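Take a look at the structure below.
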Amino acid sequence: MQTLPSFDQSPPISGPLRFFLTAPLFAILAGVLILWSGPDLFASRWTPAALALTHLITVGFMLQVMLGAMLQLLPVVAGANMTRPLRVATLVHAAITAGALFLAAAFLTAAPLLFEFAAAFLATGVMIFVGAAARALYGIPATSPTIPGLKLALIGLSVTVFSGVLLAISLSLSLELPLLQLTNLHLGWGFVAWGCILLATVGFVVVPMFQLTPEYPVWFGRSFPMAAFGAVALWTMADLAGWATPAALLAGAVVASGAVFSMVTLNIQRRSKRARRDATHYFWQLAMASAFVACALWMVTRFNVSLGEWQGWTLLFGVLLLFGCFMSVTIGMLYKIVPFLVWLHLQNRGRGRVLAPNMKKVLAQELVDRQMLAHFVACALLLLAVLWPAWLVYPAGLSLIIANGWLLRNLVSATAVYRRHLVAIESATGLSPK
Amino acid sequence: MSPTEGIKVIDGRGLEPPEPLILTMDALQASGPGEKVLLLLSREPYPLYRALDLNGFLHQTQRAPDGTFEILSWRHPE
C-alpha cells in the first residue's frame, strides 16, 4: 500500500483522545476521595462522599469515555459523520469536565450554587453532543441493530441527564420533589437505557469483531435494545402513576434485561476462536460477570427481607456495576480504540510513504496485562471494602489510584508513539505535523 | 455475488480489524486492469468505503442470505 494516499477522514485524533486521557484523572480523583473520606464513605449510598464518588465515576470516567468513543465509533460502525467533530469535542469535553468537577464538589459541600453550575455545564455539554450525534444519525438507514440502538441510547442519555438536572435543581432550591423516586428513575435510565443499551449496541459489533466470537443471535440484536428501552419506559410510567405492583414487576424486567445481555455475551465469549485471549476479552468477561452478579443480588434482595434491609447491598450493587462492569468494559475498549486511532491517523498522515506501526506495537501487551491485573485487584478490594471498610477502604482507594495511574501511563505512551511517528513522517515527507 | 475469474476473494470474517481493510487495499493496489477484489465480512465496513472513495476505487455491496456482506471493489477505469 506504499502509494495509497489516505485511508479515512476520521475526526482529528485530538477529538476523542482528550476524553480518553481525562477519564483516568477522574478515577484517580475518586481514589483520592476514598482515601480522604475513609471508612465513613461506605456507611451508606447516601453519604455525600459516596454520591460524589459515584458521579466522579459515572460522569467523570464513564461519560467521558463513552462520548469520546461515540465520536469515533459513529462514522466507523454506523457511517454517521458529525459536522465539525473537533468543535463538538472541544465544547462537550470542556462542559462535561467542568460539570463533573462541580457535581462532585456540590455533593461534598451541599452548596446550592455548585449544583446549579453542575446542572448547567452537564446539560449544555450533553445537549451539544446529542444534537450533533442526532444530526449525524438522521437519515441513516437502519441496516443493522447498531443504528436504532445508538438512537435509543442517546434518548436514554438525555432522560438520564434531564432527571439528574431535576435532582440537582431540587437539591439546590430545596424543592419538594420525590427525591428517592426520582433517584431510582435516574439510576434506571442511566444504567439501562443509556449505559446498557450503548454497551449492547457497541458490543454487538465489537465483541465478534475483536474477540473473534460467533455473532450475537440476530433476533437478540434486533430485539434487545428496544426491549430494554421499553421495559425502562413502562417502568417509569407505572412508577410515576403510583401503580406499585406493575412498577415492581417492570423494575424486575429492567434488571433482568441487564442479566440477559451479560449471559448472552458470556456465552458467545466462551466460543471465541482466538488462539490466545487478550486483555479486552478478560475485561469484557469480568464486566459481564459483575453485571450478572449485580442483577442477581438485586433480585435476591426482593425476596430476602433481611438482605434487602442491609444498607451494604446497594453499595455492593453499585461497586459491581460501576467498577466491575462499566469501568472494566470501558478500559477494555480503550485498549482497542486508542491503538486503532493511532494506527489510522498515522496511516493517513504518512500518505502511504511512511507506514504506520503495527497496532500491536502501539501499546505493549505486557503493559496492558499488568494494568489489567491492577484493575482486577482494585475491583476486588473495593468490593471487600464494602464489607470491611475499616480494614480495606485505604488499600481500595490506593489500588484505584494505582490502576488508573497505570491506565493513564499506558494511554500516554500510545500517544507518545503517535508523536514520535509524526516526527518521522515530517522528516520523510517534508510535511509539518498539524 | 459468486466468485468468478479475475476476482480475488478475501474472507475477512475471522480477522481482527484493521486486517480486512489492509488486505483489501493491498490487493487492489496490486490488481491489474479489469481485476476485482471481493471482501467477505460479517458487518458493513464504513471505513473501507471511505478509503476506497478517497483512493479512487469503486465498490458495490450486497448482503448474502446468511447475513455476510459481500463488497466487490475495483479500480476506476481511467
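Because the structure is a prediction, the values reported are computed rather than measured. Lettering follows sequence order; numbering is per chain, from 1.
The aromatic rings of B:Tyr49 and B:His59 lie parallel to each other, with less than 30° between the two planes, well short of the 60° mark.
Interface residue A:Val77: only backbone heavy atoms are found under 4.5 Å from chain B. Proximity to chain A is limited to the backbone of B:Leu15, based on heavy atoms less than 4.5 angstrom apart. When heavy atoms are compared at a cutoff of 4.5 Å, B:Arg13 does not approach chain A at all.
Residue-environment remark: CZ (A:Arg419) stays at or below the threshold of 12 foreign heavy atoms within 6.0 Å. More than 12 heavy atoms of other residues, nucleotides or ligands sit less than 6.0 Å from atom CZ of A:Arg274.
Checked by atom type, the side-chain pair A:Tyr335/A:Asn410 shows a donor-acceptor distance below 3.5 Å.
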